[in-house]
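The structure under discussion appears below in the form of structure tokens.
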Amino acid sequence: MAKIWIRQAVLRALDDAMSDDPTVILMGEDVAEAGGPFKVTEGLLAKHGPERVIDTPISEMAFMGAAVGAAVCGLKPVVEIMFIEFLGVALDQLTTQAATMRYLSRGRLTTPLVVRASAGAGQGFGCQHSQMLDHWMRGAPGLKLAVTSNARTTYGLLRSAIEDPDPVVVLEPRILYSEREEHEFDPAYRTPLGKAEIARPGKDATLVTCGAMVRVANEAAANSNVSIEVIDLLTLWPWDRKTVLESVARTGRLVTLEEATASAGWGGDVVATVAEEAFGKLKAPPHRITLPDAPIPYSGVLEARYLPNPAYVGEQVAALVSTNKAPAPWWRNAA
Amino acid sequence: MAKIWIRQAVLRALDDAMSDDPTVILMGEDVAEAGGPFKVTEGLLAKHGPERVIDTPISEMAFMGAAVGAAVCGLKPVVEIMFIEFLGVALDQLTTQAATMRYLSRGRLTTPLVVRASAGAGQGFGCQHSQMLDHWMRGAPGLKLAVTSNARTTYGLLRSAIEDPDPVVVLEPRILYSEREEHEFDPAYRTPLGKAEIARPGKDATLVTCGAMVRVANEAAANSNVSIEVIDLLTLWPWDRKTVLESVARTGRLVTLEEATASAGWGGDVVATVAEEAFGKLKAPPHRITLPDAPIPYSGVLEARYLPNPAYVGEQVAALVSTNKAPAPWWRNAA
Amino acid sequence: MTISNSNSPLARREALKNRLDQLQRMVEIRAVENRIQKLFAEGHVRGSTHLANGQEAVAVGIARSIGPDDIVTCTYRGHGHALALGVTPAGVIGEICGRTIGCAGGVGGSMHLVEPSVGLLPTAAIIGAGLPIACGAAMAARARKNGRVAVAIFGDGTANIGAFHEALNFAAIQKLPVIFVCENNLYGEYSRINLTTPVEDIAVRASSYNIPGIIADGQDVDKVADAMAGPVARARRGEGPSLVEMKTYRYSGHSRSDPATYRPAGELDAWLKRDPIAVFADKLIAEKSLAPDGLEKMQAETNEAIERVVAEVLESPPPALSDLFAHVNGQSPGGDRRYSFWRN
Amino acid sequence: MTISNSNSPLARREALKNRLDQLQRMVEIRAVENRIQKLFAEGHVRGSTHLANGQEAVAVGIARSIGPDDIVTCTYRGHGHALALGVTPAGVIGEICGRTIGCAGGVGGSMHLVEPSVGLLPTAAIIGAGLPIACGAAMAARARKNGRVAVAIFGDGTANIGAFHEALNFAAIQKLPVIFVCENNLYGEYSRINLTTPVEDIAVRASSYNIPGIIADGQDVDKVADAMAGPVARARRGEGPSLVEMKTYRYSGHSRSDPATYRPAGELDAWLKRDPIAVFADKLIAEKSLAPDGLEKMQAETNEAIERVVAEVLESPPPALSDLFAHVNGQSPGGDRRYSFWRN
Ligand SMILES: Cc1ncc(C[n+]2csc(CCOP(=O)(O)OP(=O)(O)O)c2C)c(N)n1
Ligand SMILES: Cc1ncc(C[n+]2csc(CCOP(=O)(O)OP(=O)(O)O)c2C)c(N)n1
Ligand SMILES: [Mg+2]
Ligand SMILES: [Mg+2]
């Protein structure tokens, strides 16, 4: 097995998709000549040419909307939104236009486009460049939403998203780009949209998470004296109720772990769904591990505490399992 | 008591606020000369002058951002976003800029602005002009979010929002504007932000809702043979956990009712919070009454079915109370 | 002109090669808009609707100057454009009445007309949304090297939204085959252009993108077509986008609820004197292709035809509950009805 | 020039009345940027940071031409502007190192510098965000009738985002006292302006809004100030906004990680020949207010001073956990520290 950078999985997925399908094009700021701000598109311009790998002006609304029009007319655009926050100047094209195109045309027009966006905290980019913001993309039933978690799922989700007939947003935890991993690429491999994965089996509690938090969850589980089943949700919408409900049926306990505050996170929907469907079957209250209600701080000391870490997650789950009571979040005392 | 149109409560709140505080200004498309697309600002230009009641170009990003700058520099801007969907071209200024100003300036700068937006379905405006979209505004801890439900709360929430030191979004269910109600204005009255209200007491189930759905909930409760306690959440963030938890402690059952799909609605957070805090104390599974996962249809026949109505809500709650099992949503069979 | 009563959008579009049919289409648009006003009063129309009577020459002039497989994005004020491009009166009126016979099966409504077979993407209800989308359609045409163009139709007030600026800049730097057509009817909702826009001519903004900016008389269908010809040819040659401004006027208010009292006295009358239908009818009479009383006849026939369509529409059922769940995404019921531009 | 070592942003701003202090401030900016580069290498800086060495004349020229109670919005490339406006080196370096001594207490970072007492709002990390915000500051000034102005500082690449267009149009129609200053350093990230923008001069876009568009040599602090004078006076007179384009160049890459290999050979060298510090030093020598070896002395002193600041910063603690929850909203801990512009 070769050790690769996870950013290479993005590059490889885009390269393979473009090689397999001549209608796939890339658009974004500095994705062509410069090979991408995060170097995930390096070499694609030389290999696939300037008509398919396109540098754009700083005009998210224009190129997001252009992707919609291009998709409707037969191309498969992959748009890079450098930091997910930048969708705040272009959201309309994605959630209001792309997501309703199929519906309004009664199935005659589709928008098979992919929005790739780096997201998440942990690197000191500050409060305007570190959020997940997946909640902006929920509530638009014509739109699908996925989050990558390692080299394999990065490759697999991107390939599936590009082949999907609908608009799909793929959030790529920025912090993973520069991580290394043993991985052998399989061009035929796909991570199916809508399916969650059991990242690590366990008996005492189901820990549902996604993105960069999957590593945190796995590490917490590995070092825990309770048996934690880690589920990587992978697709946030439509999410895999079956896998989650079956796991909770086995473990009897549910914990969600996400990079979002409670009021915006997907954890609310997951916990609510389980509370509705598995009523009376839980041994302990469902529990959400979230971010505190504060913007993301720049200071490394603060950001390290702000984000859930393996030790904290381990304590929280262990406390839930041992007491069958929900533990208080760390800030209940700190604040 | 005089019968008034609910739109008059908006007008009166704005007029009184501008009379009490010379720093309050209004901005929006056609709010001045024309008196507002929904006629909720009629007469304000004549009374308060063109420097305080300002017509804008069709430039949501510009006037939303101008409101941020004006607020930071000592004015109290009230911005009208005609239909909440239009924030899709200006969201950055609200959730990324306004919401972080206080934090980034360490409390030296604040943005006391109010965004008023008409929202919600029921009038045949179609899928791009009928959403609530409150989820776009959640997950930004510097920002507050409220929804009006009648003449009193429209007046009371707007006055509180304008007096609040933080940016506040007030969603006004469009369908209420043209409803009439017995109401006597009290200029001293405020609906406090962060407090929910028990709209109708009951013993068998707690029905948490907001906005136009409060009427639906009240009517359902009035015609039900089970005793339903209707809670008007009023503020969606920060929401009143105490009132909800205390009610559920009394009734032992929780139902949420909202104009949103399950994956985006605030119901997930409310149900999750109750499932966490009231674990083991519920007689029946918590239950969410939501919209189906489809865009809002234009056809009156479809939209009437798409939106929860009193009969349906009544059946759902009654079924939950009588069987202590969660009833299936209407579309489980229809779809 | 009976062709215009065809149920084939494509055939209706082809008919515009005939100048009499162009006049008839303008008459039809006027008749449909007037009838929709009435249908509103009769309670058959929900929400809002935005009439374009007075702007018929712009719609027909554009439609006649591009082909049915060129792509068009338009706005909520799209009834006239939809009819001009070929959508049938039943498709338009049916949609506005929320019936299955409508061009979006009754789920879209007045603001969302659509007909892929004549290049019309779903009209957008968000200001500016159509301009970037047209850029993308143009990118797809360029990728296919098929010489097709995209046309984005929008209003004067839309020239103040960010998407306008970004789309024109993007199209210019990418040299995209797209024509941006601004229908300057002097008003954005209830605001006259001078209250929101510091320049009188939207076309001057073309200089910010180093592209041609052209101004045309929007009340003369021939002048509209002439103004389109150069930009369309330029786009097909791969030389990039243009901004074309059509000076026109909407006779009614912004939407159903608007009496348009904000208009200066005499403004409407002055424009009525140059009514696009009368202007074109006079030409055809001078050209001897229309009898002196030809217009009245045409209007009478058209009104009757529209009444028949209205009857047909009101007999058409509303969508079924299952339509609510159809075509939401690729997993939804409704079947694969995907339309491929430039493939059939 | 010792004044520049003052800990009072206001005093540092006042010092700019003195031409020698203007030179010293430019030297300080250069020294701070170079030191930050080093601090990055030393691991004291997280995330990204965007240096502006080469653009010092623009920063000092703007700061000297407006008052401390005029409002400024700026971007992530704001170290130089913050220092020029008066923020102390400790406030800037401290923030970039995430220490409590930083101007945002260490919670903001390199992209979010702030100092209300000299009119600097938190610099924004989202392209274009500052332009509409400056419009609002100008509205507030106008409402107070206090003759103050707002200045929005942004880059050439930002001229392609919607907020630029909307803000200029809004300011023009409202005749707001705001000056839009575009630092045209020829690059937006790694893209040269000609690859993203179909016009060479951003200033030509002023014509789309019927406002003055001015182009200035950004490497000569006096020319920068001259270019600002007219627009500032015009704004104070209530005659509306202007767009001022400063032709300048950034010596380093877009951000820490960028070696700027995309630049044509010789371009950097050509600009280095007109280094703003050298250009101004030569003038002051000619004016006899600076000794021939005065610049070297000044640079040496400044470097020492900055080293002392760095030592002070590295001794400053990171924020406390409680700072994470302070000033999130009105109910948060942290106390009422609200600053009122034009009230004190
Ligand atoms: C982003 C956005 N803002 C505001 C509106 C509300 N709105 C609908 S039509 C309209 C006026 C548009 O004027 P113009 O562009 O001149 O087109 P016209 O209606 O005159 O054809 C406005 C402001 C909208 N639909 N979208
Ligand atoms: C909306 C948005 N899109 C993209 C970015 C990423 N970005 C940060 S700086 C930059 C280049 C800006 O270039 P310019 O305006 O010329 O300013 P300069 O960096 O040259 O000072 C870009 C694209 C952003 N911060 N916000
Ligand atoms: Mg108009
Ligand atoms: Mg630049």
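Below, chains carry the letters A, B, ... as their sequence lines are ordered, and counting in each starts from 1.
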- Applying a criterion of heavy atom separation less than 4.5 Å, what residues of residues 90-106 of chain C form contacts with chain B? E95(C), I96(C), C97(C), G98(C), G106(C)
- Item | Student check: side-chain heavy atoms of Q128(B) and M111(C) closer than 4.5 Å | no
- Query: Are any of the side-chain heavy atoms of P319(C) and L302(B) separated by less than 4.5 Å?
  - Reply: yes
- Query: Are any of the side-chain heavy atoms of I161(C) and E60(B) separated by less than 4.5 Å?
  - Reply: yes
- Message: Which atoms of T56(B) are under 4.5 Å from chain C, going by heavy atoms: the side chain, the backbone, both sets, or neither?
- Response: backbone
- Note on the structure: Heavy atoms of F325(C) and P292(B) approach each other most closely as CE2-CB, 3.7 Å
- Message: Rounded to the nearest 0.5 Å, what separates atom CD in E29(B) from atom OG in S191(C)?
- Response: 8.5 Å
- Task: May I ask you to list the residues in residues 120-128 of chain C that approach chain B closer than 4.5 angstrom, counting heavy atoms only, ordered by number?
- Result: A124(C), A125(C), I126(C), I127(C)
- Point-to-point distance, once rounded to the nearest 0.5 Å, from CG of D30(B) to NE2 of H254(C): 8.0 Å
- Top contributor to chain C contacts, counting heavy-atom pairs under 4.5 Å, from G126(B), G300(B), A34(B): G300(B)
- Query: Could you state the interatomic distance from CZ (F83(B)) to OG (S48(C)), rounded to the nearest 0.5 Å?
  - Reply: 7.0 Å
- Query: For Q331(C), does the CD atom have more than 12 heavy-atom neighbours from other residues, nucleotides or ligands under 6.0 Å away?
  - Reply: yes
- Task: Side chain from CB out, backbone as N, CA, C, O: work out which of these in Y190(C) comes under 4.5 Å of a heavy atom of chain B, or both, or neither.
- Result: both
- Item | Toward chain B, the part of A320(C) with a non-hydrogen atom under 4.5 Å | backbone
- Message: Which heavy atom of L324(C) sits nearest to which heavy atom of P295(B), and what is that distance?
- Response: CD1-O, 4.1 Å
- Message: Between T196(C) and D55(B), is there a side-chain heavy-atom distance shorter than 4.5 Å?
- Response: no
- Starting at CD of E189(C), measure out to CD of E33(B) and round the result to the nearest 0.5 Å. 14.0 Å
- Task: Please round to the nearest 0.5 Å and tell me the distance separating atom CZ of F125(B) and atom CZ of R46(C).
- Result: 9.5 Å
